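Below is one structure, written out as structure tokens, with a few remarks after it.
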Protein chains: 2
Amino acid sequence: MRFSKQRSIILEELKLRTDHPAADQIYLAVKKKLPDISLGTIYRNLEQLAAGGIIRELHYGKGQKRFDAHQTPHIHFRCLNCDTIEDMPMEITIPVPDTLHPWMQYREITDSRLEYLGLCPLCCKDKAGDTAGISAPIK
Amino acid sequence: MRFSKQRSIILEELKLRTDHPAADQIYLAVKKKLPDISLGTIYRNLEQLAAGGIIRELHYGKGQKRFDAHQTPHIHFRCLNCDTIEDMPMEITIPVPDTLHPWMQYREITDSRLEYLGLCPLCCKDKAGDTAGISAPIK
DNA sequence: CTGAATGCAAAGCCTTTGCATACGG
DNA sequence: CCGTATGCAAAGGCTTTGCATTCAG
């Protein structure tokens, strides 16, 4: 894989962040260092990096795709209020379905996804305090 | 909630199916009974029904939203080849994160999602047999 | 009757893609 | 050098929305 200035900076930005940004957020961030970069380039690079297994594309959630440069296995926690995705620090074991079950006979499982949903510290606090908080709808 | 002919038929169609169709698939199916129905109506109704808790909106996967009229709790199995979503018949218990963990201190978990990915019987067979199969890309 | 739902079409997001140009190895 | 990546802008899916009309309760 070729490493243009754009690609490097996009990857670097993604590695720095822990909030699993969407393409447009990455665009805004990278634009500060490379004012002429285009959204198309962002998308093309995210695609390439994902294809190369260097980053991961998250299609949890409803709206845009989110991206993750973290490579160690981890579970995600998504805030239903502000939509931030955090990595959970504790170990959680995903159950393995009974492969002897007749239903599994002609099916093959290759992957699984687990995520938890709820309120992040900020939104938890806002919700408890008053009704001000973030304007995004809860749930 | 008001129950127009359209809404009834959309819900009925969704209850009949087990493949968790997307909006356009529902549109095509319902169109056979109500040739004049519009896609906008499909979307508006799916939204209403989901808001009323009568159906569930699945935003797993990458492309379109998928819809589910099944109310009993169940885990989904999604085929990476043909993108069908099936309900898994066996019981699977989703692990509960340690609420005493310091990281959980100021966060609140209200929901969780678990799904398994792999190949459905049809795609499993196609893959084993020859290279013909369904044209959709694997993975 | 009256607000809610509909069909139609236009508009909206997010994402992808075509093209000529610039760049990396 | 050559093929890949870029910027720009246009096009593409899927979904939402405005509007006048129709319908359900």
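This one's a predicted model, so the numbers in the text were calculated from it and none came from an experiment. By convention in this document, chain letters (A, B, ...) are assigned in the order of the sequence lines, proteins followed by strands, and residues within each chain are numbered from 1.
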Length of the CG-P vector between A/Asp36 and D/dC8, whole Å: 6 Å
Short side-chain N/O contact to C/dA4 OP1/OP2 from B/Gln48, under 4.0 Å: no
Nearest non-hydrogen partners of A/Leu117 and B/Arg113, listed with the distance: CD1-NE, 3.5 Å
Most 5' of B/Ser4 and B/Thr41 on DNA chain D, judged by nearest nucleotide: B/Thr41
Integer-rounded Å distance: D/dT22 C1' and B/Lys5 NZ: 12 Å
N/O (side chain, A/Arg2) to phosphate O (OP1/OP2, C/dC23) under 4.0 Å: no
Separation of atom CD in A/Glu47 from atom P in D/dT4, rounded to whole Å: 15 Å
Gap between atom NE2 of B/His20 and atom CG of B/Leu14 - 0.5 Å precision: 9.0 Å
Presence of A/Gln6 side-chain N/O under 4.0 Å of D/dT6 phosphate oxygens OP1/OP2: yes
Distance in angstrom units between A/Gln64 CD and D/dG13 P, rounded: 20 Å
Phosphate-side-chain proximity, A/Lys65 and C/dT16, N/O vs OP1/OP2 below 4.0 Å: yes
Separation of atom CD1 in A/Ile10 from atom P in D/dA5, rounded to whole Å: 12 Å
Sugar-phosphate, base or nothing in reach of B/Arg44, heavy atoms under 4.0 Å: base
The single option from A/Ile109, A/Val96, A/Thr110 passing side chain to side chain contact (heavy atoms under 4.5 Å, CB included) against B/Tyr116: A/Ile109
Nucleotide D/dT4, atom C1' - distance to CG of A/Asn45 in whole Å: 11 Å
Of B/Met1 and A/Leu39, the one whose closest DNA chain C nucleotide lies more 5': B/Met1
Nucleotide D/dA5, atom C1' - distance to CG of A/Leu49 in whole Å: 12 Å
Sugar-phosphate only, base, or nothing, as touched by B/Asp24 at under 4.0 Å among non-hydrogen atoms: nothing
Contact check, side chains of A/Met1 and A/Leu49, non-hydrogen atoms, under 4.5 Å: yes
Interatomic distance where CD1 belongs to A/Ile9 and C1' belongs to D/dA5 [whole Å]: 14 Å
Within-4.5 Å side-chain heavy-atom neighbours: B/Glu86 and B/Pro121: yes
